[in-house]
Amino acid sequence: MHDRGTWGGSSPRLAALFLAVVLPPAATLVWLGLQLVEQDRSLWAQRELEGRQAAAEAIVDSLNQSLAEAERHLSAADLPAGAVRFVVSPQGVEAHPPTRVLWLPTAPVMQAAEAAPFTEAENFEFQGGAARALALYEELGFSTNPAVRAGALVRVARVHRRERRWNDALTAYRRLAEISGIVIDDVPVDLLARRAMCAVLEESGNGEELNREAAALEADLLAGRWALDRPAWELVVGQLEHWTGRRMPFSKTRETLSAAGSWLWNNWQQSPGGRSLAVSRELIVVDDTPLILIRRRSDAEMVALVFLPSVFDAWIQKAVHATPVAREQLSILSHSGEVLLGPTPPFATAALTRSASDTGLPWTLVLSPGDSARQTQAFAARRRLLSSGLAAIIVLLAGGSYLLWRVVQRELAVARLQTDFVSTVSHEFRTPLTSLRHVTDLLEEDDELPRDQRSAFYQVLSRNTERLQRLVENLLDFARMQGGRKPYDLQPVDASALTAQVVEDFQVGGGYPAAAIDLDVQDGRLTVRADVESLTHAVWNLLDNAVKYSPEGTAIRVSVRRHSAGVAIAVQDTGIGIPRHERREIFRSFVRGDQVPKRGIKGTGLGLALVSHIVEAHGGTIELESEEGVGSIFRLVLPACV
Ligand code: ADP
């Protein structure tokens, strides 16, 4: 279009100017946004660290409290589940309660069964006088001294057993099993008797009784009836497993606690004289299991509490419970840095470490950052929000600038068109004026001109005067329209008659003598409310354009018909047509088609603006159908007058 053509040169400059205005603030915004995101991230990390520090303090306090509470059991009688109290002295090790261990590092010292009273009888026994020996043994079997009784009964049973008198042997063993506190070869006699009974039942082939007896022995053993050292324990377990034909059911924790007893005994033996009344808290690893050890040593003995990981776990659970950190974030490390509990902590800067020397706890406590996925998610959500806010501001900035750019461009275009307009109008005036001047000169020069030539000159004068008058009227109308001062006197008018009149006048005075106009009017009165002068002006402008933009001599068709919205006055030509993209803009003031000036067709760009203003004032509309190179139809649709 004409205005776009004019703009070809200045658009890039204007665009560059706008970019120069928009880009720096946009870049600043992006930079600020990134800074904000970064700051947010470090603030977040700082807050998370502070939260973890507070949590670490709370956890340390709680664990200290649990340990202090546990220390009370050094002297108290009761013991929580998962703990054993060992008393270590030069005499050996005792465990309380005994049911929580399987064996002890040392067997308790007990009275040994007597052997001396049996020397004589044993001589008989081994030199073929078994019956004589048995009688002597049986007699001593009723001794009130349990050490003698035990010695006698074991021998009675031995004789019967050798003679395969199973029942008698069993009876003797049963009596022996009732004696406690006496040992033979460091084995308590009652345990010895119970084992021997099983062996006799096995030898005699009494499977059913053996099962019962073995099960009873197993139950008593597991109930901690005998305090055995490890070899004795393993011996009995081996035998029992042979008799029962299955593995002995005992828990791993009892094994671990038994091993803890051995650890304590070794430790005591290595430094028996160490005297420290202070209570010490330690973390030891026995059987690959971390155990908490609380002990107090004196010259005479050492009292030690050993806690299983399950107890420790409960303490940690309690400590973590009141804090916002998750259990998985907490790791417990031994002095040597070995991870005893929880995950392997991440690299040093991210984890929060509280060493044993800081906390008074027997381990190093490490608090890792929380669930990074959850954190990242929360952080990503905030970042998304921030980024979308920034993006929205940038889009608004860009959109606003683009709109501003368009407005400025349009205003500049109008200004340019107005400048062009002055030269166009001057030109429009000059052509008829030159013609008038020329013809007037001819008339003046020659008085003797023939009559028909003189009349032709007068017609030229009249046509050009008419053209000038129309031009002036158009300009005045436009000025009035601009100022909103154009009055419209709407009266019922017969559209057919008015159109016919305009066509006739146009053919006579339109300045296009060769124009062939074909008028087609529908029958009947087609009345509209119109300002005669304005409507005439509008139709005239359409006719003027139709002729102007069509090859000379082609037919113009004017029709007046009923229309669904009233009455339609259409002017159709077979001219150059109007490109699709110009079909709206050409109704604006000063706008002319792109190709029009190139073709040398004169005009001001005001004609259609006037037509559009007039039609609007009449409450009507303009329809335009056009095809490039084929022609155009301009249709004024006015409301019918009823
Ligand atoms: P002017 O004719 O003085 O240029 P107008 O406002 O009457 O101004 O018309 C605006 C533009 O519309 C013209 O410059 C031309 O490009 C186009 N136009 C108007 N009428 C026709 C027509 N009948 N055929 C082709 N183009 C037309």
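As the structure lists them, so they are numbered: ligands from 1, and atoms in each ligand from 1.
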- Just by distance, with hydrogens left out, do D61 and Q65 show a side-chain donor and acceptor under 3.5 Å apart? no

- Message: Please identify which of these residues, T359, L63, T353, meets the side chain to side chain contact (heavy atoms under 4.5 Å, CB included) condition with L365.
- Response: L63

- Note on the structure: Which of H618, H613, R529 passes side-chain hydrogen bond (donor to acceptor under 3.5 Å, both in side chains) with Y488? Answer is H613

- Message: Whether the Q53 and E57 side chains hold a donor-acceptor pair (N or O, under 3.5 Å, no angle test) is what I'd like checked.
- Response: no

- Query: Side chains of N474 and F478: does their closest heavy-atom pair fall under 4.5 Å?
  - Reply: no

- Tell me, which residues have any heavy atom less than 4.0 Å from some atom of ligand 1? N545, A546, K548, Y549, D573, I576, G577, I578, I586, V591, R592, G593, V596, G603, T604, G605, L606, G607, L608, S632, F634

- Query: Hey, what's the ring geometry for W405 with Y402, parallel, tilted or perpendicular (30° and 60° as the breaks)?
  - Reply: tilted

